[in-house]
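Lettering follows sequence order; numbering is per chain, from 1.
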Amino acid sequence: MTNSLKKKFFNDINFTILIGLLIAAIVLSAIFLPGGMFSAANIKSMAFQIPEFGFLALAMMLSNLIGGIDLSIISAANTIAIFTAFVLNGTWLPALPEEARIPAGLVVAILTALIFGVFNGLLISKTSAPSLIASLGTMILFQGIGMALTGGVSIGNIAFEFTDFGKAEWAGIPLIFWLFLGAAILLALLLEKTAFGRKFYLYGENKVAARFSGINNEKVCIATFVMTALLAGIAGLIVLSRVNSAKVGYGSSYLLQTIIVCVIGGISPNGGKGRVRGVFIAIVLMQLMSSAFTMLSLSPYTKKLIWGVVLILVLSLNHWIRNLNDSIKKEK
Amino acid sequence: MEPILNVKNITKAFSGVRVLKNVSLTVNRGEIHCLVGENGCGKSTLVKCVSGVYTPDEGEIVLNGQRFTKLTTQQAIQNGVQVIYQDMSLFRHMSVAENIAIEKIRAKGARLINWKDVAGIAAEQTRKINVKIDLEKEIFECPIAIRQLTAICRALAHDAKILVMDEPTTALTKNEVSQLLTIVQELKSQGMSIIFISHKLDEVFSVADVITVIRNGEKIGDYNRAEINEKRLSELMTGREIDYPRYRRDFTENTPLLEVKGLSRKGHFNDISFTLRKGDIVGMIGLLGSGRSEIAMSLFGLNPIDSGEIFVSGEKVSIAAPQDAKRRGIALLPEDRFREGLFTDLKIKENVSSTVIDEISPRGCLDFSEEDRLAEKCIETFKVRAPSRETVVRSLSGGNQQKIVIGKWVETKPNIFIMDSPTVGIDIGSKAEIYEQIHNFAKNGMAFLLISDEVEEILANCNRVLILEKGRIKTILEAQDLRQPDAKKLILEEIGSRDLQPDTEPSTK
Ligand SMILES: Nc1ncnc2c1ncn2[C@@H]1O[C@H](COP(=O)(O)OP(=O)(O)OP(=O)(O)O)[C@@H](O)[C@H]1O
Ligand SMILES: [Mg+2]
C-alpha cells in the first residue's frame, strides 16, 4: 500500500470496515444467491424498503451526534402521519377542495414536525434535562396525542394521488429512494461544509467549550431537534403513503434498530464523532443482509440475530484493526 | 547516596518522530529532582516511560536494582512509582477519604470494603503530610488544591517511594504553592524521592536538589541547585537569554472602552468598579476565592450579575450570553483549558477556527482554505510545536495546548480581551514571546484584563493592578506604583503571601 492510501485506510477505520463488510455481503450473496439477490425485482424491493427506516436512522443519528438521543422519533412520525391522514381523507378541513388536500396535508405535516421539534429542543436546552429523559416524556406525549385523536384505530381512506407517490418510480428506481438519497446527501453537505454543521459538531464534542467559544448552544440544540422531527415526519409520510393508513404504534421495533445502525455506522453515542456516509452504508448493509436472510427463508427470530451479529462484528473489527494500526506505528 | 531510579539511554518516538533521544537520568533516595525544559521537549513523555504508561523504543529502566526494558504500569506501582498527573484522575463523586484509600484496599484484594479502614487509611496519610482536610467531602466540591492533596495522599497510601509530580502547581495560587512545596520538603525528609516538573523557576529553585535540563528530547545536563542560577538555567533550557519585556502604555486618548460600575453577584463579588481604556493592560490578582474568575465570567455573559452596570464604548449593555459579549468585541480566555477552552479530540485547525466560524463562512459555507490559513498563522505566531495543523490537540504537550487556546481567541480580534491565567504551563521562553504579542496588541489599541497568580507576569504586562480580596477591590496600583523597585514585595504583601525563598541551609530536618 502506498503511504497516502494507507493513511486513508486507517483514517476512518470504521468506514473502511463498513465498505469491506458491504463488499463481502455483496460477493457472498452473489455466490450463494445468484439470480435471487441481484434480480431487478429484489433490488427494487430493497429500494422500496430502505427509505422509511433510513429517514428514522438519520434522525437518530442527528440526536446521537450531539451526544443525546431522541426516543420520540417513532411516535412523532406516527402522530405527524395521523394529522396528515386526517387532512388527506377530509375528516379535517372538509370544506377544502379535493385537489388542495395534498398541499394542505403537507403543510400540516411540516407545521406539526416543526412544533414537535421546537418543543423537544426547548425542553432539552432550557431545562438541561438529559435528552434521554426529555424525549422519553415527549415520546409518550406525542403518542398520547395520536391515541386521543384516533382511539388506536388506523386512519385510512386517503387521497389516491398520495398513495401513488409511495409506489412511483423514476428511472426504474423508487421515487422514495431518490428522496432518501437526496436527503442523505444534503444532510452530509449541511453537516460537513457549512457553518451550522461545524457548530453542530463542536456542540456535540464539548458543550462547555462550545459555549465559551461564543456558539449559541440553545439555537444549535433546537435546530437539531427540529431537523430530527422533520426527518421523522418524512418517514411517517412514507409509511402513510405505502400502507395507505396511519396508526399509533407503527414501526415501534425500529427504535432500537436505529440506535444500532448508528453505532454500526460509526456514530459515537457521546457525540461529535461520525459521518452521514457511515450511517448510509450501514443502512444499506443491514437491508442487504435482511434480504439475504429472507431468501434463505430463515425464521424471523433468526433474522433478528443479524443486528446483534453485525454490531459485535463491527465493534470487534474496529478494536482489532486499531490495535494492529498502533503496533505498525510502533515498529516504525 | 544510593540511586533508587536509573533511566538508561531511553529513546521514544511517536509515529516516527523522536521525542526522547538517548536520555538518561539518575534519581537518588530522598532527593527532589526537578525536570525543566521548553514546551514539548519531552518531560511528560519521560515521566510516562518511568511509570510504564509508554514503553521506550530503546533503553532500560532500573528500579530498586531491577532492570526493565518493558516496564508495565503494574510493575512501576509495585516498585513504588506514583505519578500525579495534571488532571489528577480522581473519582469526582467519591469522598476524599474514599479516593485516598480505594486503590490500596483494592490492591489488598479485599472483596468487601470496610468503611472504618477507609477512614483509617485516609487519616494516616493526611498525618504524614501534616495537613487537615475534610475527608467526608466529595471531590467535585473540593477546590483544586484539596484535590491535589488528595492525590498526594492516595500516592502515599500506595507506599510511594518515588513520587512524580507533573506540573502540580499550575492551578494553584501563591499560598497554596508554598503549602505544597512545604509538603514536598516534608516528604523528602521522610526519605521519599520526588520528581518535580514545573515551568516556574522560583519553585524549582526553592525545592530542587538536582535540576535536569531537557531540550528538544535531549538531556542537556544535571545541575546541583547551588551551582546554577535562574538566568543560567533559562539559558540552558531555551538556548538564549530570556528577558521579560515591560509594558508602557503611551496613549493620550483616555475614553474608556469598558466601564464597570458597582458590579455585584451574591456570594462571588461585590461592588466592583473599574475602567479599561485603549491600550490598558489591567491586572487582577488575589487569593483563591477572591472572585477574579467569577468577575471575568460575568463580563463574558456566563454568570448573571445581581446589580451593577457595564458600558462598552460608552454604551450601556447587558451581556446575557457569550455570543452577546463576542458581538461587543469582548473575548474571554478561560481558566480551565481542558473543559472550557479546547475540543481535545479535534484537530488544531478546528480548534483555532471555533471562535470565528461565522466569520470564515461566507454565505454560510465554511471556507476551508481560510481555516487552514488561520491555523498556520496561529502555529507560526505562537510557535506551536506540532507536526501539522491536522494534529489532534490531545496529543500536543500541555504548553502547546495552552498556546492553541490563546490563538483561538486572538482570532476574534477583540477590543477587550479578558485573559484568565493565560500562560499556565507555558515555558519561560514562550512566555516572553506571548507577552510581546500582548504588548503589540495593546499598542494597537486592544484593552486587556489580565488575571494572574504570578506577580512577575503582572509586573511585566500591566499598567494598572487591581488587588482583590473576598470579592472586593482592596487596592489599586497605578503605573507609577508598579515602577517602584519594591513593587513585587508590595503586591505580595497586599495579597497576604510571601515570596518563595530557596532555603539555603541544607535541609537536615
Ligand atoms: N500520545 C502522543 N502521540 C503523539 N505525539 C505525542 C504524544 N504525546 C506527546 N507527543 C509529542 O511529544 C512531544 C513531547 O511531549 P511532552 O508532553 O513530553 O512535552 P512536555 O515536555 O511535557 O511539554 P509541556 O511543558 O508543554 O508539558 C510533543 O511534541 C508532543 O506533541
Ligand atoms: Mg507536559
Side-chain angles (χ1 to χ4, degrees), chain A residues 3-4 6-8 10-12 65-67 125-126 128 186 188-223 266-275 322 325-332, chain B residues 12-18 54-57 296-297 300-302 321-328 330-346 350-368 371 390 393 405 408-409 411-412 414 420:
Chain A
N3 230 346
S4 81
K6 203 177 208 161
K7 229 186 194 157
K8 276 221 172 81
F10 284 117
N11 235 349
D12 193 346
L65 276 174
I66 59 165
S125 64
K126 290 282 183 204
S128 44
L186 269 181
L189 290 177
L190 177 75
L191 295 190
E192 282 162 35
K193 304 277 184 224
T194 69
F196 170 78
R198 180 54 70 78
K199 289 179 194 168
F200 170 86
Y201 273 109
L202 292 179
Y203 175 73
E205 176 73 29
N206 179 347
K207 294 186 174 49
V208 178
R211 200 152 76 100
F212 272 79
S213 304
I215 290 169
N216 191 338
N217 279 2
E218 238 163 65
K219 228 160 134 184
V220 175
C221 178
I222 292 172
I267 306 293
S268 155
N270 298 325
K273 279 170 215 68
R275 298 173 67 175
R322 194 156 291 146
N325 187 20
D326 285 350
S327 61
I328 289 174
K329 268 189 190 157
K330 248 180 206 160
E331 272 161 33
K332 260 202 275 178
Chain B
K12 174 77 192 164
F14 289 111
S15 16
V17 183
R18 291 205 297 165
Y54 293 150
T55 312
D57 304 333
M297 303 257 267
F300 198 61
L302 287 156
Q323 53 269 28
D324 298 342
K326 207 167 123 188
R327 208 169 329 116
R328 305 274 176 196
I330 303 176
L332 169 70
L333 188 146
E335 188 183 14
D336 179 345
R337 70 170 165 246
F338 281 107
R339 226 169 57 85
E340 303 164 345
L342 292 171
F343 302 92
T344 43
D345 282 344
L346 299 184
E350 291 158 337
N351 273 279
V352 173
S353 68
S354 61
T355 48
V356 288
I357 296 170
D358 287 322
E359 287 76 359
I360 62 165
S361 304
R363 276 172 270 111
C365 287
L366 277 172
D367 180 345
F368 291 102
E371 178 175 47
E390 311 280 337
V393 163
V405 182
K408 89 176 219 194
W409 280 108
E411 263 336 305
T412 63
D420 196 346

Answer with side chain, backbone, both or neither: which region of Glu192(A) has an atom nearer than 4.5 Å to a non-hydrogen atom of chain B? backbone

Quick note, salt bridge (charged side-chain N to carboxylate O under 4.0 Å, His left out) partners involving residues 196-211 of chain A, not counting sequence neighbours, are Arg198(A)-Glu371(B), Lys199(A)-Asp358(B), Glu205(A)-Lys273(A)

With a 4.5 Å cut-off on side-chain heavy atoms, are Asp420(B) and Pro334(B) touching? no

Chain A contact via Phe300(B) - which portion, at a heavy-atom distance below 4.5 Å: side chain

State, yes or no, whether a side-chain contact exists between Leu332(B) and Pro322(B) at a heavy-atom distance under 4.5 Å. no

I want to check something: taking the side chain as every heavy atom from C-beta on, are Lys193(A) and Leu366(B) in contact at a cut-off of under 4.5 Å? no

Please state whether the side chain, the backbone, both or neither of Ser353(B) comes within less than 4.5 Å of a heavy atom of chain A. side chain

Heavy-atom pairs under 4.5 Å with chain B - which of Leu190(A), Val208(A), Leu189(A) has more of them than the others? Val208(A)

Any heavy-atom pair between the side chains of Pro414(B) and Trp409(B) that's under 4.5 Å? no

Can you tell which of Gly272(A), Ser213(A), Gly214(A) has the highest number of heavy-atom pairs within less than 4.5 Å of chain B? Ser213(A)

Any non-hydrogen side-chain atom of Leu346(B) less than 4.5 Å from a side-chain atom of Leu202(A)? yes

If you count heavy-atom pairs under 4.5 Å between each of Glu340(B), Lys326(B), Arg339(B) and chain A, which one has the most? Glu340(B)

Toward chain B, the part of Ile215(A) with a non-hydrogen atom under 4.5 Å: both

